[in-house]
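A short write-up of the structure that comes next.
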Amino acid sequence: MLAGHYRPQTRTLAEIEAISTLHGIGRLVLVQPSVYGTDNSVLLGALREHPQRHRGVAVVDEGVTDAALDTLHDAGVRGVRFNRVSPVGNGHQALQALAPRLRERGWHVQWYVRPAQLADLVDLQGRTGLTFVLDHLAGIGIGTAEADLHWDALTELAARGAWLKLSGWYRLGSTAPYADMVPLIARASAPFEDRLVWGSDWPHTSLPFESAPRHASLLEPVRLALGETATHAVLNERAAVLYGAEEQVR
């Protein structure tokens, strides 16, 4: 385990399954935390508890073998993550070498970046030919000016086929009930049209577990920004398209 800004607490798959079921969510996408680096064994173990029920996003480097990628794919992994925000995150240097093998498997690339780094992704997305997924509203948060150039980069990424993940409001300078995120979610989502997914960010590693927000509070600003019909599609049909499942996944 890497010496990151937090130490993960032991939480079980059964816990998040139970929470999700209360909100009509039957399948999950489990994302590799930055502090585990490229050791995806915990992720693999969770995915194998219910074979093919859930999906995953792993962290790998250019040294990963084809056999290891196939093992991840068979377990349900459908993407890799690059984290340029965490002190123990991974840079994108490995992506160019990995790109052909990711394309072969139909995987996407999930990015956790700051808004100032969005412009870097525009060219990278074009050169790799991969689908990019922008985590935590692409870093667009409270204090992002209406005329900020980051919006232009976000729009260009959307035009090139990127997806946007609606998640992490408390990482973006907002506090519950996150009403100030509603206009930002609406504007950021618009150029992506149907290429939107939602994430709970459970178990909320940047917050004490006992004070972590509930799913309902994190979904509410999405419902206010997009409406009930579009929110239902984000939580069902759109997630299934991105993560490669016939049933709802998120």
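The chain is numbered in sequence order, starting from 1.
Linking ILVMFWY side-chain heavy atoms closer than 4.5 Å, directly or via other members, places V182 and I142 in two distinct hydrophobic clusters. Following chains of ILVMFWY side-chain contacts shorter than 4.5 Å, one cannot reach L224 starting from W198, and the two form parts of different hydrophobic clusters. Linking Ile, Leu, Val, Met, Phe, Trp and Tyr residues whenever their side-chain heavy atoms come within less than 4.5 Å leaves L149 and L121 in two separate clusters.
By the 4.5 Å heavy-atom criterion applied to side chains, Y112 and R171 are counted as neighbours. Counting heavy atoms from C-beta on, the side chains of V31 and R81 come closer than 4.5 Å. Side chains of L30 and L13 form a contact here, defined as non-hydrogen atoms less than 4.5 Å apart. Using a 4.5 Å heavy-atom cutoff, the side chains of R195 and L134 are not in contact. Between L207 and P213 there is a side-chain heavy-atom pair separated by less than 4.5 Å. Looking at heavy atoms from C-beta onward, R187 lies in side-chain contact with E146 at the 4.5 angstrom threshold.
Here the CG-OG1 distance, from L172 to T144, works out to 8.0 Å after rounding to the nearest 0.5 Å. Between atom CD1 of residue I25 and atom CG of residue L219 there is a gap of 6.0 Å, rounded to the nearest 0.5 Å. Taking CD of Q117 as the reference point, atom CZ of F82 lies at 13.5 Å (rounded to 0.5 Å). Rounded to the nearest 0.5 angstrom, T71 OG1 and R48 CZ are separated by 6.5 Å. The CE atom of M181 sits 14.0 Å away from the CD atom of E220 when rounded to the nearest 0.5 Å. Here the OG1-OH distance, from T175 to Y170, works out to 13.5 Å after rounding to the nearest 0.5 Å.
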side-chain contact (heavy atoms from CB on, under 4.5 Å) between I185 and Y178, intermediate numbers included: CA-CA 11 Å; I185 295 168; Y178 311 114; over 6 Å; no

Working for side-chain contact (heavy atoms from CB on, under 4.5 Å), residues L95 and L102: CA-CA 9 Å; L95 182 57; L102 300 181; 3.9 Å; yes

Pair V133-V57, side-chain contact (heavy atoms from CB on, under 4.5 Å): steps then yes or no: CA-CA 11 Å; V133 179; V57 176; over 6 Å; no

Pair L124-V109, side-chain contact (heavy atoms from CB on, under 4.5 Å): steps then yes or no: CA-CA 11 Å; L124 192 58; V109 182; over 6 Å; no

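Evaluated for a side-chain contact (heavy atoms from CB on, under 4.5 Å) with L166, the options L226, V197, L218 yield exactly one hit, L226.
Contact between R11 and E15 at its shortest, heavy atoms only, is NH2-OE1, 2.8 Å. Closest of all the heavy-atom pairs between D180 and S174 is OD1-OG, 2.6 Å. Annotation for A212 and H204: closest pair CB-CD2, 3.5 Å, computed over non-hydrogen atoms. Between Y243 and R78 the shortest heavy-atom distance is O-CG, 3.5 Å. Nearest heavy-atom pair, A186 versus A225, reported as atom, atom and distance to 0.1 Å: N-CB, 3.9 Å. Residue P115 comes nearest to I140 through the heavy atom pair CG-N, 4.1 Å, listed as atom of the first residue, atom of the second, then distance.
Between D74 and R105 there is no salt bridge, since no side-chain N of the basic residue sits under 4.0 Å from a carboxylate O of the acidic one.
Residues passing the salt bridge (Lys or Arg N to Asp or Glu O under 4.0 Å) test with D148, sequence neighbours excluded: none. Scored by the ring pair (Phe, Tyr, Trp, His ring centres under 6.0 Å) test, F192 finds no partners at all (sequence neighbours excluded).
Heavy atoms of other residues, nucleotides or ligands lying less than 6.0 angstrom from CZ of R103 number more than 12. Within a 6.0 Å radius of CZ in R214, no more than 12 heavy atoms belonging to other residues, nucleotides or ligands are found. Within 6.0 Å of atom NE2 in H232, 12 or fewer heavy atoms from other residues, nucleotides or ligands are found, so the atom counts as exposed in its surroundings.
Under the side chain to side chain donor-acceptor pair (under 3.5 Å) criterion, the residue pairs touching residues 126-140 are Q96-R127, Q110-D135, D123-R127, D135-S167, H136-S167, with sequence neighbours excluded.
In this structure, R238 contributes its side chain and D194 its backbone to a donor-acceptor pair below 3.5 Å. Remark: side-chain polar atoms of R53 are paired, donor with acceptor, to backbone N or O of G26 under 3.5 angstrom. With hydrogens and angles disregarded, a donor-acceptor distance shorter than 3.5 Å links the side chain of R101 to the backbone of V64. Of the possible donor and acceptor atoms, none in the side chain of E228 sits under 3.5 Å from a partner among the backbone N and O of R223. Of the possible donor and acceptor atoms, one in the side chain of N40 sits under 3.5 Å from a partner among the backbone N and O of T38. Between the side chain of T231 and the main chain of G227, a donor-acceptor pair closer than 3.5 Å is present. Within the 3.5 Å criterion, the main-chain N or O of V29 finds no donor-acceptor partner in the side chain of R55.
With 3.5 Å as the limit, one finds a donor-acceptor pair spanning the side chains of E17 and H54. With hydrogens and angles left out, the side-chain atoms of H73 and W107 include a donor and acceptor closer than 3.5 Å.
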